Amino acid sequence: MTQTKNLWGGRFTEGADQTFAEFNNSFGFDRRLFGADIRASIAHCDGLFHAGVLTRLEAERIKNGLTTLLKRADFDKNYFDEISAEDVHSFIESRLIQLVGDTGRKLHTGRSRNDQVATAFRLWLREEITDTSKLARQLQTSLLDLAEKNRGAVLPGYTHLQRAQPVLWAHWCLAYFEMLVRDRERLDEVWRRVNVLPLGSAALAGTSYEIDREAVARDLGFDGVTANSLDAVSDRDFAIEFTGACSILMMHLSRLAEDLIIYATNEFGFVELGDAISTGSSLMPQKKNPDAMELIRGKSARVFGHHAALLTMMKGLPLAYNKDMQEDKEAVFDTVDTVSLTLRVTEIVLRNITINAEKSRLAAAKGYLNATELADYLVQKGEPFRIAHDTVGRVVLFAISKGRELNELGLEEMREFSEKIEIDVFDALSLEKTLASKNQIGGTSPERVFEALDAAKRDLEIEAN
Ligand code: ARG
């Protein structure tokens, strides 16, 4: 393997220590920016031509050369491994010089690897954000499908993991749908801040060539150019924001996974896991384990870690660029990979579970989930809520002692606690009424939930067109 010459060899008389060189090199991972760096280089080349730095012929030669590198990398599997390089930028430059000769040495005029890497990184991330959002959208679709498939199904809603009030399964699905709406809004916002061109900031002070930065930005599809060269080469807010938005997204997926892990236990039994997403035990033949969900939950930790790493890496850096910042790549690359894989697996999970509506409905009908209903019933009959709450508390205590649910008590038994209770109480305590009464926007009444389900479907469809 031939080692490429360093880009900065002139003032050095001795070579680098081998171990330090390995420590310093980023080509092992930043080769992922190859395509983006080539595209940015082509735009920079045009910028140099319009600035009068390159002749038309030189610019054409360089651009053709860069395009050829792209194609070669595409079909030659060993392309990246034939020569060793410090980073993707030096790799491209040496390959270009190899291909087009000395003209290639003119490409780096008016730029530094500092604005170059910031540009390539943004260009690359811009597309990854779009892809991530698409995967999140697919997951939203699978949540809607699950809701649709189980339209009438009910489960106990929990607070403190204690049965609280019944809700529709579709309501549960839409809760996670909403989280993903916000996640995608956040990704959109990060995208907008990513989509600004740092090229032209050079090393830190700006470039002395008459490069039309706005034109280069347009060329690359950036919405604008960075306003301050010192900031531009050392700003990694966009990477931190991205891992931040992804951390929140992963936290949501982790909660969804946790819900399903609990619901899939024998103790709950609301959800049956398909074989496609389960694993067995090497020792216990009866086991069916929710590994997919556990890994979704576990992977979130990794993304939070990357977010924390970037913040920590940046916090002490004096302006402007410092080599510490090379550490940004692996954090962001792994975030992208982890999030996209987790989103895809979560979708597969949702498509491979069966809701046991009978069991979850039974659970929703047991455990006094309609106690609030009885209090509301008394309020309707003119009792102040605080008194009604106290009365119902005593009714519940009585019912527990009898081992019966509220609607299994006799009318006379209930009237011992309040004269206001009449025969219509049984209707008020039914599961159907309990659900139907939560009829304000955001509530779990079937009417509201189906409305929300339709609205969600419409939103996704509008977006698709
Ligand atoms: N590989 C470097 C990085 O990722 C590129 C920028 C190097 N700049 C420099 N001044 N050494 O940050």
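Throughout, numbering of the chain's residues begins at 1 and tracks the sequence. Note that this is a predicted model, so its numbers are computed, not measured. Read the numbers this way: they start at 1 and go in the same order the structure lists the ligands and their atoms.
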_Check against salt bridge (charged side-chain N to carboxylate O under 4.0 Å, His left out), Arg193 and Glu189_ = CA-CA 7 Å; Arg193 266 192 289 279; Glu189 219 175 281; 3.3 Å; yes
*Honestly, is Arg95 close enough over Phe34, meaning NZ or CZ under 6.0 Å from the six-membered ring centre and within 45° of the axis?*
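No, Arg95 does not sit over the ring of Phe34.
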*Between Arg31 and Tyr79, is NZ or CZ placed under 6.0 angstrom from the six-membered ring centre and within 45° of the ring axis?*
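No - Arg31 does not lie over the ring of Tyr79 by the 6.0 Å and 45° rule.
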Which atom pairs, donor and acceptor, lie under 3.5 Å between side-chain atoms of residues 68-77 and protein residues at least two apart or in another chain?
| unit_1 | atom_1 | unit_2 | atom_2 | d |
| --- | --- | --- | --- | --- |
| Thr68 | OG1 | Asn64 | O | 2.7 |
| Asp76 | OD1 | Asn78 | N | 3.0 |

Which atom pairs, donor and acceptor, lie under 3.5 Å between side-chain atoms of residues 303-318 and protein residues at least two apart or in another chain?
| unit_1 | atom_1 | unit_2 | atom_2 | d |
| --- | --- | --- | --- | --- |
| His306 | NE2 | Asp334 | OD2 | 2.6 |
| His307 | ND1 | Ile240 | O | 3.2 |
| His307 | ND1 | Thr243 | OG1 | 3.0 |
| His307 | ND1 | Gly244 | N | 3.2 |
| Thr312 | OG1 | Ala308 | O | 2.6 |

*Give the protein residues with at least one non-hydrogen atom closer than 4.0 Å to an atom of ligand 1, ordered by chain and number.*
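Around ligand 1, where the cutoff is 4.0 Å for heavy atoms, the contacting residues are Ser26, Asp30, Asp87, His89, Arg113, Asn114, Val117, Tyr321, Gln326, Lys329.
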*Can you list the residues that meet the salt bridge (Lys or Arg N to Asp or Glu O under 4.0 Å) rule with Glu127, with sequence neighbours excluded?*
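With neighbours one apart ignored, the set is Arg39.
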